[in-house]
Number of protein chains: 2
Amino acid sequence: MEKFPLENDLVARGLSAYAPYLMNRITHRYNQTLGTTMAEAGLSTIKMRVVCALAAKGSLTVNDLSVYAVAEQSTMSRTLEQMAREGLVDRAMDESDSRVRVISLTQAGHDIYTRIWPAMAEAEARMFDGIDPADRAQLLETLDGMLRNIRLNPL
Amino acid sequence: MEKFPLENDLVARGLSAYAPYLMNRITHRYNQTLGTTMAEAGLSTIKMRVVCALAAKGSLTVNDLSVYAVAEQSTMSRTLEQMAREGLVDRAMDESDSRVRVISLTQAGHDIYTRIWPAMAEAEARMFDGIDPADRAQLLETLDGMLRNIRLNPL
């Protein structure tokens, strides 16, 4: 306990000097704003994340997709079943391990990605409005280091 | 749509160059880890946030508390009723407007803050392990600018 004395706590520093507070505020606002846009396009937040992760990564196992899309595995399995029925993803056996399923986007899934990307890019652009490109690059590097520090999964 | 061409999209850049992705991963992990610790202490995530916001800010209206604690107002009202019954917060009439309720921590609420702060400080310290103090300071400044860009509430 003595390692983290109250001398430098939230009362002394203020909330805004506590990085998790700022990040929770920002991600909440981002998720709310984009969630509304996606709902209008018939896409839940988790489906949006699945579409994006598969667009960026090609194909992924259910496990890895859960990590990238920040979702519990049970939620992910249900979501993927729905998305398969909707014709957005394909499920295939892994060539090296027949017990593992590999998920990828169908053409319709790719088309949805192309349709939703502008809203995501706009949400990102609004965040960085007026922020120096060097500070933005540094932010990404620091965030990447932070994720490496705390992630449970090596991805 | 042309403002955000696919040339610089997630496929071209990779997920890790999209700041909201990194922040969602980090905050999810932080919230999960701390949520488990707090649950063991009998505190939900929202109660933890209420305790911290009030510790940092002194007293707050329900509206402002909802913003700082990143919660819907209806959830916040319910949570505050519980916390009042548990003896953690006091609710008083605002001196300048009798329709407005102002919330503050009781001594028991302050004691809980003192008890949970070490876990929060530790979660923060793990995030920044090995990260240059200058990069950490720059991160806070950039995050603060990002929140100003996208927040709906002036707080």
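Lettering follows sequence order; numbering is per chain, from 1.
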Ranked by heavy-atom pairs below 4.5 Å to chain A, first place among B:Ile26, B:Thr142, B:Asn31 goes to B:Ile26

At a heavy-atom distance under 4.5 Å, which candidate from B:Ala69, B:Gly58, B:Ala17, B:Gly14 has the highest pair count against chain A?
B:Ala17

Flag the one option from B:Gln32, B:Lys57, B:Arg13 with the top tally of heavy-atom pairs under 4.5 Å to chain A.
B:Arg13

Within the structure provided, determine whether B:Val70 and A:Arg29 are in side-chain contact (heavy-atom separation under 4.5 Å).
no

Is there any residue in residues 72-79 of chain B with a non-hydrogen atom under 4.5 Å from a non-hydrogen atom of chain A, and which ones are they?
B:Glu72

Hey, which residues of residues 143-155 of chain B are touching chain A, say heavy atoms under 4.5 Å apart?
B:Leu143, B:Asp144, B:Gly145, B:Met146, B:Leu147, B:Asn149, B:Ile150, B:Arg151, B:Leu152, B:Asn153, B:Leu155

For chain A, which residues from residues 91-99 of chain B lie under 4.5 Å away (heavy-atom distances)?
none

Of the listed residues (A:Arg126, A:Met23, A:Arg25), which shares the most heavy-atom pairs with chain B below a 4.5 Å separation?
A:Arg25

Only heavy atoms, only distances under 4.5 angstrom. Which residues in residues 127-141 of chain A are near chain B?
A:Met127, A:Phe128, A:Asp129, A:Ile131, A:Asp135, A:Arg136, A:Gln138, A:Leu139, A:Leu140

Closest heavy-atom pair, B:Ala19 versus A:Glu124, reported as atoms and distance to 0.1 Å, is N-OE2, 4.3 Å

Taking every non-hydrogen atom, the tightest pair across A:Leu15 and B:Ala56
CG-CB, 3.8 Å

Ranking B:Leu34, B:Thr33, B:Val67 by heavy-atom pairs under 4.5 Å to chain A gives rank one to B:Val67

Hey, what's the ring geometry for B:Trp117 with A:Tyr18, parallel, tilted or perpendicular (30° and 60° as the breaks)?
tilted

Please determine whether residues B:Val89 and B:Val102 belong to a single hydrophobic cluster, defined as Ile, Leu, Val, Met, Phe, Trp and Tyr linked transitively by side-chain heavy-atom distances below 4.5 Å.
no

Side chain B:Tyr113, main chain A:Leu10, donor-acceptor under 3.5 Å
yes

Toward chain B, the part of A:Tyr68 with a non-hydrogen atom under 4.5 Å
both

I need the A:Asn24 CG to B:His28 NE2 distance, nearest 0.5 Å.
12.0 Å

